[in-house]
Amino acid sequence: MKVNKKNMKNLSITLLFLLIFSSLSYGQIDRSKPPKSGPAPVINLGKPQTFTLKNGMKVLVVENHKLPRAYANLSIDNKPDYEGEIKGVSSLVSSLMGNGTKSISKDEFNEEVDYMGATLSLSASGGYVSSLKRYFPRGLELMADALINPIFPQEEYDKQKNILIDNIKSYEKSVQDIAVRVNGKLVYGSSHPFGEFSTIESVNNISLDDVINYYQTYAKPNNAYLTIVGDVDFDKIKKSVTKLFNKWKKGNIAELALPESLDLDQIEVNFVDMPNAVQSEIYVNNLIRISMAHPDYFALKLANQILGGSATARLFMNLREDKGFTYGSYSSASTSRYISSFSASASVRNEVTDSSVVEIIKEINRIRTEDVSEEELVGVKEKYVGSFIMSTERPSTIAGYALNIDKFDLPEDFYETYLENFQKVTIEDIQRVANKYFLADNLRIVVVGKGSEILNSLEKLPYKMSFYDTYANLTTKPDFSKPKGISKTTIINKYLDAIGGREKIESVNALMTMGEAALQGGAMTISLVTIQAKPNKISVMMLMMGNVMMKQVFNGEEGYIMQQGQKIPFPEEEKQKLLSTSLPFEELSWFDDENVVFSFVSEEEGTKEYVLKTDEKTTVYFDANTGLKTKEVTLVPTPDGKVAPQSTVYDDYREVDGILFPFVIKVPMGPQLLDFHIKQIQVNPNISDSDFN
Amino acid sequence: MKNFISVIILCLNAEFLLSQKIDFHEYDLDNGLHVILHQDASVPLVVTSVMYHVGAKDENPERTGFAHFFEHLLFEGTKNIPKGEFMKIVESNGGSLNANTSNDRTYYYEFFPSNKLELGLWLESERLMHPVINQIGVDTQNEVVKEEKRLGVDNSPYGHLFEQILQSLFKKHPYKWTTIGSMDHLDAATLEEFQEFNKKYYVPNNGVLVLAGNFEIDEAKRMVEDYFGPIPRGNEIPRINIKEDPISQETRKEFFDANIQIPMVLVCYRTPSMKNRDAYVLDMISTILSDGKSSRLYKKMVDEKKISLEVQAVNVGLEDYGGYVILSLPLGENSLDDLLFNIEEEVVKLQNELISEREYGKLQNIFENTFVSSNASMAGVANSLARYYMLYGNTNLINEQIDIYKSITREEIREVARKYLNKNQRAIIDYLPKKDESQ
């Protein structure tokens, strides 16, 4: 801007203008709402260079010279195979591979991988190696060697088999894990590869020969893809790949037809009873048959996103934000060349299991019958656009996309037109695909939970019910009816009779017990000394190697907890609990306590037990035959915001002064039980008030 | 022949450094905000991040947990962003966000498709310019932070690990408390105290803004000026200067955690600031001891002797001091003393013998690989730029740090092991399972 020096007036106007202008330069931005976006970035998807070896392996190479590193990913795309009687064999093959080869020992192999700063892994269906550019040729060579010439030593096989069995054992009581396996088997069918799961029995059936045989049958190049991404030169890598992998011999992989998975002709509830469940696992599913190449792909992804794809989607907003039934509820609609399923799921509190099923079905029906809002549709499109755009930052994405195009027979420009195709989806499309793929009249509702608390209300739902065990075998309806003539009073009386008779028990004024538990396999000992006396006095002391670790004292009126030298007053809640009980035998106070009720009959592992619920969080088990107290289960909060049961187990009852006491008490410590062995019990010992100071 | 090989290696390195270089442009706004721009037209996204030089160590000892509390509070909303909308705006624009707090600094970032740069700048400038700090927000986040402590520390297996390490190593310096801080302190804090904290530390002259990704430099500079320029400079920020007495006597203590079943032994040493060259050497020592299946401690204790489930050596780098920790979990019935004995044996070996040429070569490769990978994502580059500027005072460390590692000799490794990893300088923690007192 030129300033006319001759005209001061003009100059000052110009200055004024400049001032206004400069203040406007801040004012130009409107902070009151989010700024508008610029035009969407153009995505430059790299195209891989490809070649195919004589043995059938397809190789895709994406040269990316941004960083001096590269990786190779091998995936063997065999048709899913059914492992049947020896299910688990493929997992064993995977855990054995990549630990040495016919020409390199395990130690040398590991040392060399580490030396290069590389990462390398192998499995029955592929492998992976990544490293700096200069070590990549050697890394690839090691991977090829480990793939083509693996060793299966007996020692390593035994070790891995034990680990696999331990893993299976570790989730036998996990409601979540059981729900996943049962659901898969029910949805896809028991003879479908997508439905089978490993059991201790099936793993025990596996022999080392089976492992070797599995490797020899399936680890073939026929259907293999090798993707190489990074700072490589196509011509050079083609040469070395050819040299390394030509040795890999083609084989015959019998392609068995997959058994037909069957749709339901009406809504059905499949119930699995797990008495230890504190939350119900719900899966609402139907089979879908849509591959990625289908034109409905885009609309289906968006419809699912609106229904249950994230923590801002409808299922989450309804079941968690609005109703507070659950920590989260989501849905998925996966696509496959073979078969896949639509599935909406939630883990919910026992008492709202039936209502949750109703709400999930309501949301499925709503998206089928009502238009989604423009805002919802735009929102989920943006989410897809954003994550697609940002995923292209990683070179691995480009390789993955190229692989998909080949594997799933997608149009060559599938990913170039990907965003466009999402943008084209209309409100009508969402409703159309929701009707086509979310089959509101054919849903299989799998519920795994505590039957004694949830079955009554579930049965009131207007759906056909069938019952399964934890292995997804059809079974009969569990019987939770309370036996005639059994009540809270008879259970407590039988217990008191069993341990010495009510009169005898009531005559106990004080009790002292001392127990010990071994820690770290005997390296350390924890002792627990308990003194109890009428009325409601208690002192519990925990000692480790002679030092007091923790002490809790209540003198009938007040108390404290001492821990690591810190003394804190007794929590009010605990205090009220103690005041209303009848130490040393709290069971005596249960006759008149309205909170204590006969809850259900438990039949686990052939033992029948009567279960009393003593408060919101606690249940106590009594053996139906002997009358003795067998365990106490308390619900405690877990780190992920749910609750988990913890059991204290009573065992090995022995007589002391005419009364039976459990001499082994197993107390939970983390996921394990710590065994306390009672060393000493004194009935009516000499005690004074100072014991409760 | 040998000379010939080193020439080839030199060439390789030269090529490597060339292709690896991260270009950046840095300057200050008038209000003191430091700005770093890293442009990369090959990616479709942009990261907007701000690091503030305030962490747990800046807290009043009676108000611990404040720095972390702010990481939550500053998502509550601003004059122009209603309560609870921050996250929704980011999601419905295809972006994602996060934040974290350490003992030294607090970091906020979003990443978006590159056409949303302005949105990212608006969000971050609103956070600095117009945060709404009121009682409702404080109360809401108080609950959230308590929940976070319950899940992440109190109910989490080994959740007290870091706290115990810090308490063992620091007696005077505020590193003795963790970022989550004390819930009692947070409960006792008044709204005015939170507002004061914001006024003191959340000022442009205490922050660094990083843009990394696909944008036009001139346009970005203009937008940065538009959104951050009008924010007034704050007062000079007070810095702490607290020195610890050297540790000259071994200590050993027990800690009981109700959430674990397998005990753990920790051997802790206090080390110098992460800016110190010795800290780089200690990183290398960690790698020798426990990085990979062929590392010394892993191979001996986990693979061969089968006495340990896991063994790890970690160098905790902080601005004023560091901590060097070797931890191990026993397998089966093996005792913690057994583990300790084996760990000590390897530490002494490092003090007495030079590592082999082969191991030295492995170190070089591993550090080079880590260095290359650390700059693989824009989010990683943005974080590194902010950290190197703010905590190390040299933004170009993003390119130069690898030279420091490469210059470390085998003799230096032995010297540093001798200097810091002595028996009388260590604090041992027996981290043991505790019976849950609620049972």
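Order of the sequence lines fixes the chain letters, A, B, ..., with proteins taken first and strands second; residue numbering starts at 1 for each chain. Quick caveat: nothing in here was measured; it's all calculated off a predicted structure.
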Flag yes if more than 12 heavy atoms outside [X] fall under 6.0 Å of its [atom1] atom; otherwise flag no.
{"X": "B:Lys253", "atom1": "NZ", "result": "yes"}
{"X": "A:Glu375", "atom1": "CD", "result": "no"}
{"X": "B:Glu216", "atom1": "CD", "result": "no"}

For [X], which atoms come within 4.5 Å of any heavy atom of chain A: side chain, backbone, both, or neither?
{"X": "B:Asp303", "value": "side chain"}
{"X": "B:Glu359", "value": "neither"}
{"X": "B:Lys79", "value": "neither"}
{"X": "B:Phe112", "value": "backbone"}
{"X": "B:Asn214", "value": "neither"}
{"X": "B:Met87", "value": "neither"}

Euclidean distance, [Y] [atom2] relative to [X] [atom1], rounded to 0.5 Å:
{"X": "B:Phe371", "Y": "A:Leu67", "atom1": "CZ", "atom2": "CG", "result": "9.5 Å"}
{"X": "A:Glu111", "Y": "B:Arg358", "atom1": "CD", "atom2": "CZ", "result": "4.5 Å"}
{"X": "A:Asp30", "Y": "B:Trp122", "atom1": "CG", "atom2": "CH2", "result": "9.5 Å"}
{"X": "B:Glu368", "Y": "A:Arg134", "atom1": "CD", "atom2": "CZ", "result": "4.0 Å"}
{"X": "A:Met116", "Y": "B:Ile366", "atom1": "CE", "atom2": "CD1", "result": "11.0 Å"}
{"X": "B:Ser295", "Y": "A:Asn110", "atom1": "OG", "atom2": "CG", "result": "10.5 Å"}

Nearest non-hydrogen partners of B:Pro113 and A:Gly386, listed with the distance:
CG-CA, 3.7 Å

Choice from B:Gly95, B:Pro44, B:Gly213, B:Ala376 maximising heavy atom contacts with chain A below 4.5 Å
B:Pro44

Contact winner vs chain A - B:Asp337, B:Leu119, B:Leu123, B:Ile262, heavy-atom pairs under 4.5 Å
B:Leu119

Is [X] in contact with chain B via its backbone, its side chain, both, or neither, using a 4.5 Å heavy-atom distance?
{"X": "A:Asn99", "value": "side chain"}
{"X": "A:Tyr135", "value": "side chain"}
{"X": "A:Pro39", "value": "backbone"}
{"X": "A:Ser32", "value": "both"}
{"X": "A:Lys106", "value": "side chain"}

Main-chain N/O of [Y] paired with [X] side-chain donor or acceptor, under 3.5 Å:
{"X": "A:Glu393", "Y": "B:Leu45", "value": "no"}
{"X": "B:Asn365", "Y": "A:Gly117", "value": "no"}
{"X": "B:Asn369", "Y": "A:Ser131", "value": "no"}

Quick one: which of A:Val380, A:Val385, A:Asp114, A:Thr119 has the most heavy-atom pairs under 4.5 Å with chain B, could you say?
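Winner by heavy-atom pair count: A:Asp114.
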
Select, from A:Arg69, A:Lys383, A:Glu382, A:Arg31, the one with the greatest count of heavy-atom pairs under 4.5 Å involving chain B.
A:Arg31

Would you say [X] and [Y] make side-chain contact, with heavy atoms under 4.5 Å?
{"X": "A:Pro35", "Y": "B:Tyr227", "answer": "yes"}
{"X": "B:Met223", "Y": "A:Ile29", "answer": "no"}
{"X": "A:Ser37", "Y": "B:Asn93", "answer": "yes"}
{"X": "A:Pro68", "Y": "B:Val372", "answer": "yes"}

If we check side chain to side chain contact (heavy atoms under 4.5 Å, CB included) with B:Val43, which of these qualifies: A:Met390, A:Lys66, A:Arg394?
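Of A:Met390, A:Lys66, A:Arg394, side chain to side chain contact (heavy atoms under 4.5 Å, CB included) with B:Val43 is met by A:Lys66 alone.
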
